[in-house]
Each structure stands twice: as structure tokens, then as C-alpha cells.
Amino acid sequence: MTDPSTSAAAAPVESLPRTLLTGAQMLFVAFGALVLVPLLTGLDPSVALFTAGVGTLVFHGVTRVTVPVFLASSFAFIAPIQGSVVNFGIPATMGGLMAAGLVYVAISQAVRLKGTAWLHRLLPPVVVGPVIMVIGLALAPVAVSMATGETSDHIGYGPAIFLSMASLLVTLTLAVFGRGLLRLIPIMGGIVTGYVLALIMGLVDFSPVREAAWLSIPSFTAPSFHWAAILFMIPVAIAPAVEHIGDMVAIGSVTRKNYLEKPGLHRTLLGDGLATTTAALFGGPPNTTYSEVTGAVTLTRAFNPKYMVVAACLAIGLAFVAKLGALLQTIPGPVMGGIMTLLFGSIAVVGMNTLVRAGHSLTAPRNLVVISLILVFGIGGMQFGGGQFTLQGVSLAALVGILLNWVLPRAEEDE
């Protein structure tokens with residue numbers, strides 16, 4: 001009785017149309033957030049599509065197609081990429097990102113040899129939580145300046161506020177009140193709404209789309225290596241690497257499998273690190289597992305990792321459609337700014353939640369010192385060094401947190 005029902009249930013899963021359709025849906029869910037990062041950091045969205053696809057394939061190659069996740073542009077690196085591009089240029093930034101990916105690789109091998117206890121001692125919630133908060137809050141002025149039209153030459157304050165708040169309203173409405181698939185695409189919904197309103201208001205310039213060819217090779221950028229840019233970027237990899245463990249636990253709770261044991265945390269971290277290094281090799285943003293896609297897996301019960309391989313192949317194919325890349329570049333800044341105000345705030349809340357779940361007293365002297373200095377150094381603009389060798393922002397906050405956590409004596413309840 002059991003075998004026929006099992007085979008009947010498996011039959012539609014393996015059918016080609018269902019596999020293609022489900023894979024396309026997974027890419028659709030990730031698409032809005034995927035292209036947001038390159039649009040905010042000055043990178044090419046077509047390259048980001050390509051590297052998301054290639055990175056996902058690299059991950060599944062390392063983990064032997066066992067984990068149903070899709071990898072794409074990481075929000076944690078937005079502020080560091082913006083700062084690095086200004087100081088060092090895009091090629092040197094890519095070199096720094098390659099090094100950041102190799103940090104994942106090093107952590108994965110340490111986890112393979114020593115387990116995860118050392119990682120939790122080096123990076124407890126009292127360090128990781130505020131660093132994640134810095135990642136979100138450091139970007140708040142960027143979001144506001146885009147939302148108010150300061151970064152747009154041809155859009156005044158009034159139209160900019162209207163576009164940004166309309167996009168924000170749709171995004172938060174879908175996130176809070178949406179049901180089914182709609183709840184998984186709030187960013188896409190906000191972008192589409194804002195774009196349509198901008199079209200009606202005559203604020204979209206289609207000349208780049210008309211000039212673009214239908215098919216062309218994305219504008220890949222080869223990395224160059226400068227140790228100042230590498231030192232600037234390496235500490236940023238720490239928080240996403242720790243967050244990766246939470247992502248694996250989350251998808252494991254959905255599929256009721258322990259991915260920390262099989263294929264093993266060392267393999268998933270290695271896959272993530274190699275995906276990030278590969279992305280930087282072509283000029284794309286770092287890759288990370290997407291919680292939106294995990295949500296889609298939860299909703300659709302599409303547990304087969306092959307769906308993610310299909311989504312990756314579709315992303316690579318779309319990267320060569322030049323008119324799509326040009327169309328993405330025409331999205332007005334205020335539309336993105338409105339969505340960013342919610343997005344960056346939500347990143348800060350994830351960090352706050354990390355602290356709350358740990359259950360430690362935040363006003364205990366040791367914790368107070370660590371958290372306070374991470375937040376003020378990271379958000380306030382503190383910097384050490386000068387010229388090309390400046391340490392600031394998330395990188396400085398992460399290093400300060402790690403050093404203080406290492407040097408300051410632990411309270412008895414923490415031992």
C-alpha cells in the first residue's frame with residue numbers, strides 16, 4: 001500500500017514541466033532582492049544574475065544537490081561595497097570580496113576539523129547581534145537620501161516622496177497582509193508598483209533600453225588585488241558566515257532534515273564561500289542563501305534541490321538578455337529608496353533579535369561595553385588610519401567586537 005502512494009507522489013515532482021515551472025517560481029521570488037544589491041552598489045544587475053546562477057550551481061556541486069537553497073546577492077555587503085568602490089574602485093573591491101569568500105572557506109575547514117564550539121566562543125550573540133544592526137543602520141542615510149530624491153537629478157522632492165512612500169506602502173502591505181506567494185514577493189511588488197507610477201508620471205527614461213541589444217555578454221569585471229581593500233572587506237564576512245548557520249537550521253526545520261550533519265556545515269559553508277569567491281571573479285556581489293526562497297519552499301513544499309538548479313540555470317540565461325539589464329537600470333532611485341527604508345531597518349531588527357534570543361542582560365557591564373562600542377564605532381563614522389588604509393564602518397565594528405569579547409573577562413554566568 002505504501003509503495004504505490006509513494007511513487008504516485010514522486011511522479012509529478014520529477015516531471016519536466018513541473019520542475020521547470022517550480023524552478024522559475026523560485027527565481028521570481030528571489031529576483032527583486034537579487035537585483036536590488038547591484039542597483040544600489042553600482043554593479044551590473046546582469047552580472048549579478050549570472051553570478052547568482054553560477055554561485056548556486058557551485059554550492060550545489062559542493063553539497064551534492066542535497067539542500068534546497070538558492071544563493072544570490074547578500075545585503076550584508078551593501079555598505080562595505082559602496083565604501084570600497086569609492087575608496088578603491090570596483091576591480092579592487094572584487095579582490096577584497098574574493099578574499100572575504102576565502103574567509104568562509106577557512107571557517108568551513110576549521111568547522112570540519114574542530115566543530116562549531118570555537119565559532120560560538122569567538123562570535124557570540126553579543127558580538128554578532130550589534131554587528132548585524134550596524135549593517136542595517138549604517139545604510140539608513142543612503143535609504144533616506146534616495147527616498148527623498150537627493151540622488152536623482154530629474155526627480156524633485158515632491159514626486160520622489162510620493163514614489164518612495166507608495167513603493168514602501170505596497171511592500172509592507174504585502175509583507176504583513178499578503179497571503180500565499182504574494183507574501184513572498186513584497187520587494188518585487190513594491191518595485192513594480194513604484195515603476196508603474198513613475199511611468200504614469202513620465203519619470204522613466206527608456207533610451208538605455210532602446211539602445212541595448214537583445215542579447216549580449218554581461219559587463220564582467222576582473223578583480224585586482226590591493227591589501228588595503230582586502231583588509232577592509234575581510235571582517236565583513238564574519239556576520240554572514242555566522243548567519244549562515246541559522247539559515248541551514250531554518251531550511252532544515254522546514255524539510256525536517258539535519259543539514260548540519262548531512263551534507264555537513266563544513267560543506268555548506270565551503271559552498272557559500274566558493275560561490276562568493278566565484279561571483280567576485282566575474283564582478284558580481286557576494287552570494288548568500290535567500291530566506292525568501294526558504295519561505296517559498298515552506299509554502300510550496302518544493303523540497304527537491306533540483307528546482308534550485310533549474311532556477312540557477314534560468315538566472316544565467318537571463319543574464320545574457322541585455323534589454324532586461326537595461327530595463328532594470330531605468331528603475332527610479334526613489335522607488336528603490338522607499339523599499340530600502342524597510343529593508344535596512346529589518347536587517348537591524350534581525351541583529352536586535354539575535355541579542356534578545358541570547359537571553360543575556362544587555363546592561364551587564366561587559367555586554368554594555370561590547371555592544372555600545374560596536375554600535376557607536378560602526379554607525380558614528382569612527383575610523384582608524386588614513387588614506388587608502390582606513391578601517392571604518394562594519395569592518396571596524398566587527399574587529400572591535402571580536403577584540404573586546406576576547407580581552408574582557410567573562411561574567412560567571414557566561415562561563
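None of the values given here were measured: they were computed from a predicted structure.
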Have S74 and T288 got a donor and an acceptor in their side chains that come within less than 3.5 Å? no

Do H360 and N367 have side-chain atoms, one donor and one acceptor, less than 3.5 Å apart? no

Heavy-atom check, side chain of [X] versus side chain of [Y], under 4.5 Å:
| X | Y | value |
| --- | --- | --- |
| L137 | I347 | no |
| L97 | P285 | no |
| L139 | F75 | no |
| Q383 | F377 | no |
| P91 | T221 | yes |
| M340 | M146 | yes |
| M26 | T300 | yes |
| S167 | T193 | no |

Nearest 0.5 angstrom please: [X] [atom1] to [Y] [atom2], how far?
| X | Y | atom1 | atom2 | value |
| --- | --- | --- | --- | --- |
| L16 | L20 | CG | CG | 4.5 Å |
| T277 | M94 | OG1 | CE | 12.0 Å |
| L57 | H60 | CG | NE2 | 8.0 Å |
| M188 | L36 | CE | CG | 11.0 Å |
| T51 | F220 | OG1 | CZ | 8.5 Å |
| F320 | L318 | CZ | CG | 11.0 Å |

So for atom [atom1], which belongs to [X], do other residues, nucleotides or ligands contribute more than 12 heavy atoms lying within a distance under 6.0 Å?
| X | atom1 | result |
| --- | --- | --- |
| F162 | CZ | no |
| L182 | CG | yes |
| F225 | CZ | yes |

Between [X] (side chain) and [Y] (backbone), is there a donor-acceptor pair under 3.5 Å?
| X | Y | result |
| --- | --- | --- |
| S346 | L343 | yes |
| K257 | G252 | no |
| H244 | L265 | no |
| S84 | P80 | no |
| Y195 | G190 | no |
| R267 | V62 | yes |
| N87 | G83 | yes |
| S73 | L34 | yes |
| T330 | F206 | no |
| D247 | T294 | no |

For [X] and [Y], work out which heavy atoms get closest and say how close.
| X | Y | answer |
| --- | --- | --- |
| A398 | P235 | CB-O, 3.9 Å |
| F59 | V69 | CE2-CG2, 3.3 Å |
| G284 | L43 | C-CD1, 4.3 Å |
| V126 | I374 | O-CD1, 4.1 Å |
| P240 | Y104 | CB-OH, 3.0 Å |
| P263 | V67 | CD-CG2, 3.8 Å |

Take L163 and M201 through the side-chain contact (heavy atoms from CB on, under 4.5 Å) test and state the conclusion after the steps. CA-CA 10 Å; L163 283 177; M201 296 165 69; 3.9 Å; yes

Should Q82 and I78 be marked as a side-chain contact (heavy atoms from CB on, under 4.5 Å) after you check the CA-CA gap, both sets of side-chain angles, and the distance that decides it? CA-CA 6 Å; Q82 288 175 332; I78 293 175; 4.0 Å; yes

Would you sort out whether H154 and D205 count as a side-chain contact (heavy atoms from CB on, under 4.5 Å), showing the intermediate values? CA-CA 10 Å; H154 62 290; D205 177 17; 5.8 Å; no

Given the rule in the side-chain contact (heavy atoms from CB on, under 4.5 Å) test, do Q329 and L39 qualify, once you have shown the distances and angles that lead to the verdict? CA-CA 7 Å; Q329 302 275 16; L39 289 173; 3.8 Å; yes

Are F70 and Y307 close enough that their ring centers fall under 6.0 Å? no

